[in-house]
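Chain letters run A, B, ... following the sequence lines, proteins first and then strands; every chain starts at 1. Only a predicted model underlies this, so the values are computations on that prediction, with no experimental measurement involved.
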Amino acid sequence: MTHSPLQLTLTEWDQRYAELARAGLREPWYGGPLARHVERENNERLRRLRFDSSAAALRLWNFLLTENERLRTARAQGDRLVGTMKDLGTVPVMACALPKVRPFYPDGAWWTPCLMECSDRLLVQADALGTDPSFCPVRAMLPAFLNDEHFPRPDLLICSTGAVCDDFSAIAQRLERLGHPILWWEMPRRRAPDPGEPACDLPGGLIGPAGQVECVREELQRVGVELGKLAGCDLTHERIRAGIRSANQIRRQLQTLRQTVYAAPGAPLPALEMLIAEMLAVHFCSDRGECLPVLAELATEATRRVATRQFVIPDDAVRVFWVNPVADLRAMNLLEACGGRLCGSDFMFTHALDLIPEDLPPFEALARTALADPMVGPAQDRARRIVDDCRRFKIEAVVIARIPGASHCPWEGNPIRERIADKLALPIVEIEIPPVCDALLPTLRTRIEAVLEIARARREP
Amino acid sequence: MICAGIDAGSRAIKVVLFDHARSMVIGRGLADQGVAQPRLAEEIFAATLSKAGIDRHQVRSVVATGYGRNRVAFATTTITEITCHARGVFHLAPDTRSIVEIGGQDSKVIRLENGGRVRDFAMNDRCAAGTGRFLEILAARLDADWSKLGDLSQQSRQPALISSTCVVFAETEIIGLLAEGVPAADIAAGVQNSIATRVMAMAGRPLTAPVLFTGGVALQPGMVRALATTLDCPVQVAPEPQFTGALGAALLAARIAATASTSSP
Amino acid sequence: MEVFLTSPWVPAEIIRAHGHRPRSAWPATPNRASAVPEGVCSFAQSLLSLAESHPDAALVFTTACDQMRRAADAALARSRSRIFLFNLPATWQSPAARNLYRAECARLGRFLTTLGGPHPKAEDLLSVMIDQENRRAALRQFIQRHPARLAAEALAGFYSEGIVPTAPPTDAIPVPRGIPVALIGGPLLPSQWSLFDDLESTGGRVVLNATEPGERCLPPPCPIPSPEQPPLPALADHYFDHAVDAFHRPNTRFYDWLGPRLHERQVRGLVLWVHVGCDLWRAEAASLRDAFHLPLLTLDAHVESTGGLRDTNRLAAFIESLQ
């Protein structure tokens, strides 16, 4: 069933769902009307968001919002649960390669206060546990671990450390002190090789010292041994190779989706759905197999809309590149409300969108991918990729979203701004978005509108 | 052609009437902001028109800007204060390359290109430390009139060091300084320096001269010196700095009206 | 060349052996840092000012925390001084981390050579190690016998100029009285030493300084390798094995170091010194309380000074509560 794309409220989606159901909508086990997530999981925030009206978007949201249910079911079926923290996209590839092992992303709890409009009191409890608002909203993870109301307790917790943000490192350490043992693995801070130093190509056009790759490879092998112990079988090279191939299928699908949406003459999908879709590259919603059809359906819908020139906002919307994920999902809706459309993104894990090399020994390939993480290198590397993507997608304005309390945000803004200003002279705005930004919406709107006004003014001869 | 700009700011509503044909401001009005924002905007607009001897129907276009812009029901359209300040400054001092605007609740740094187009801007986030709010708190603590703080700061011999990045803690520091017997003039100068420092931190990079200072806080003697010292470059104060945003809005209103008349059949 | 070290966990011996002058950043940071953007660690910001004010020097930053890593990037982009970012592993339990640390020591040596220093022979490094160890031994003795402020001054002198004070007879030192407290946390700059005085004036006494550069930063005596052994790996391993800091993951080593000392010195309260913007130390407040069941006061450190009357009041209340 086709119809003109819209951004619907939750109530409007009820009606839309009924239409789809009448038209013979087929859904997986996690399907159903979106409104049920408000009743079941108390995700009040959904009432304030606007969702894309496609069946593909419905499936995406249902997939995301049933994560805790999926994990509980998996636990009941005897699967081993592995919390993969901070690492953005490497260890899950290894964990998924083992039978009856299911990785998930406890860091994702940072959206829980937003979705539940803080009725969960997670941030208040995080304060009481010693992580006040000077830490990033991932601090919501701490009480989520302790109160068992969200995700089940994992059988193994794995966390990268070293070149990671300070607040996450501090929060994870606090978690361990609260009685949750963590398998830490070292992530060196990526640097350019010194003259004459053996070097390796990394995904994303980066180069790293061979010694650093070796360090990460050894660390991942150590993690692999522990994962094998948990699974009761070895994490063989064959298994990881197969895991890498599967992960790459998802990454290819995401590349297709991004290319279709960001390069299109109008916006075939809204910014919010693109953020949620891209995040799947990192955590698979603990079901890698299901990830692929979810993304494929979205890409099909986007392609259809482009072919029929059906877009979610007017064609003259300003083409915006968005840097960093937002603590409040409502901010993504705001972009379209202000007259912008998402045409490029760096949600802090661009390396997880690049293909993992399949022609290298598997641990070597994973190590190189992990080292290409934009967060473990200098912001200048990140800025370079952002500029390249801005060129590729004909970006007119850039929004840098700051995560409150995150140690990297106050430092990254300037190098990114300076490179964009130097190479492209695009208008840029930096905005800080708290987990529930309602009170700041007028302020945020002013900033976003201002940067879009500047971009529009530049269209004039 | 007469157009109007309304800057519905957090502290005050400012109105500017601009005669495009004569390229001059023909009326200005200012009123304190309040809870009934739409009514206050209506009243000050009507008063300004009356004072200028203009009938409402003579006004071809109205642009509203500022925090409360969406509550100005009679506006033809809304435009953000960034664009409006830039346009107002370009009209007043076309060579300007950087604008520092410090208002009641927020502050901004706007970088301009040749021709007055906005190149880049930065605004304070949630913290009010770099804004006029800080001066209000100081005035309350010193039991002084806000408008006299600038004169007071001029008497300072050794500005106090206010180190906090948070205005609430800075208030605690002010209390501490008063308890230690630090002269009020030194505290006032210290607060001005602190505001200037926050603005510089917000700007991130050195500002290109000429720098123009706009917004109500620019009226305070001492503030421009504090900014110039901190930014390490000369700073000029815009004429009637509290009206720059409204002026820009009026100028943009004129352009909108002109575009509309050329595109209409 | 002057080479500023921003962390105690990079061997100054390597710098000396390469013919350069190691200096610690703590005593050299300007009293007034430039404007600190929201969320930036005030100490990291002050290091940027240090880099900008010393264009002819080199600075060795470390990856101990995100703020420091990114400050190094900013210094590299903004200042004319030579910047080296030492990859300090956060983990310590794996061979990969140890190898990384050793490789970084060797890389630091290569960097120092590019600054114009000679590549040292093994015996040169060994000789520096012995000399440094002798000075550290004297410093340890001095610290044990002196009140906290004098000890801090001595430590600063050692890290800044390599000077070790000669200890006067023990009976010449006035023994401060007061409730024993431990001062724990990140960098404590000379401009902030009034904290010792404030504590004493309110009836307290620092019996353990576990800030930087306090006792925590003095590694135990380093066994001098035999002439047949290459000295650099031995030196690297000694530092790697004895670093005691909040950034380690897990940071059990820090707690293992702290626990016995708190007990021995009958510490009754903890003062946690946290630079504004420093997440790693701030997050330890709750864990320190849980681990040692001692009252704890967190003080926010700005670069310019202590928090004045506000901190004094809080210290006074804290000490009163311990009495």
Asker: Heavy-atom pairs under 4.5 Å with chain B: which of T446(A), V429(A), I454(A) has the most?
Answerer: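 The candidate making the most pairs under 4.5 Å is T446(A).
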Asker: Any sub-3.5 Å donor-acceptor pair from E453(A)'s side-chain atoms to T80(B)'s backbone N or O?
Answerer: yes
Asker: Of all the heavy-atom pairs spanning V118(B) and R458(A), show the shortest one and how long it is.
Answerer: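 In terms of heavy atoms, the two residues are closest at O-NH2, 2.8 Å.
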Asker: Check whether more than 12 heavy atoms from other residues, nucleotides or ligands sit under 6.0 Å from atom NE2 of H20(B), and answer yes or no.
Answerer: no
Asker: List the steps, then state whether salt bridge (charged side-chain N to carboxylate O under 4.0 Å, His left out) holds for E449(A) with R69(B).
Answerer: CA-CA 12 Å; E449(A) 281 183 355; R69(B) 64 186 180 279; 2.7 Å; yes
Asker: If you draw a 6.0 Å radius around CZ in R121(A), do more than 12 non-hydrogen atoms from other residues or ligands fall strictly inside?
Answerer: no
Asker: Take E430(A) and M202(B) through the test side chain to side chain contact (heavy atoms under 4.5 Å, CB included) and record every step on the way to the result.
Answerer: CA-CA 11 Å; E430(A) 273 190 82; M202(B) 185 179 69; over 6 Å; no
Asker: Evaluate whether atom CG of D316(A) has more than 12 neighbouring non-hydrogen atoms of other residues, nucleotides or ligands under 6.0 angstrom away.
Answerer: yes
Asker: Out of curiosity, T443(A) OG1 to M123(B) CE, how far, rounded to the nearest 0.5 Å?
Answerer: 7.5 Å
Asker: Would the number of heavy atoms belonging to other residues, nucleotides or ligands and lying under 6.0 Å from CD of Q236(B) be above 12?
Answerer: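 No - once you tally the heavy atoms of other residues, nucleotides and ligands closer than 6.0 Å, there are 12 at most.
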Asker: How about R119(B): does its CZ atom have over 12 heavy atoms from other parts shown lying under 6.0 Å from it?
Answerer: no
Asker: Please flag which part of R117(B) lies under 4.5 Å from any non-hydrogen atom of chain A: side chain, backbone, both or neither.
Answerer: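 Just its side chain gets close to chain A.
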Asker: Chain A heavy atoms under 4.5 Å from F121(B): which part of the residue, side chain, backbone, both or neither?
Answerer: both
Asker: Need one label for R417(A): side chain, backbone, both or neither, based on atoms under 4.5 Å from any heavy atom in chain B.
Answerer: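 Only the side chain of R417(A) comes within 4.5 Å of chain B.
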Asker: For R255(B), is the CZ atom crowded, meaning more than 12 foreign heavy atoms sit under 6.0 Å from it?
Answerer: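 For R255(B), atom CZ is not crowded (no more than 12 foreign heavy atoms under 6.0 Å).
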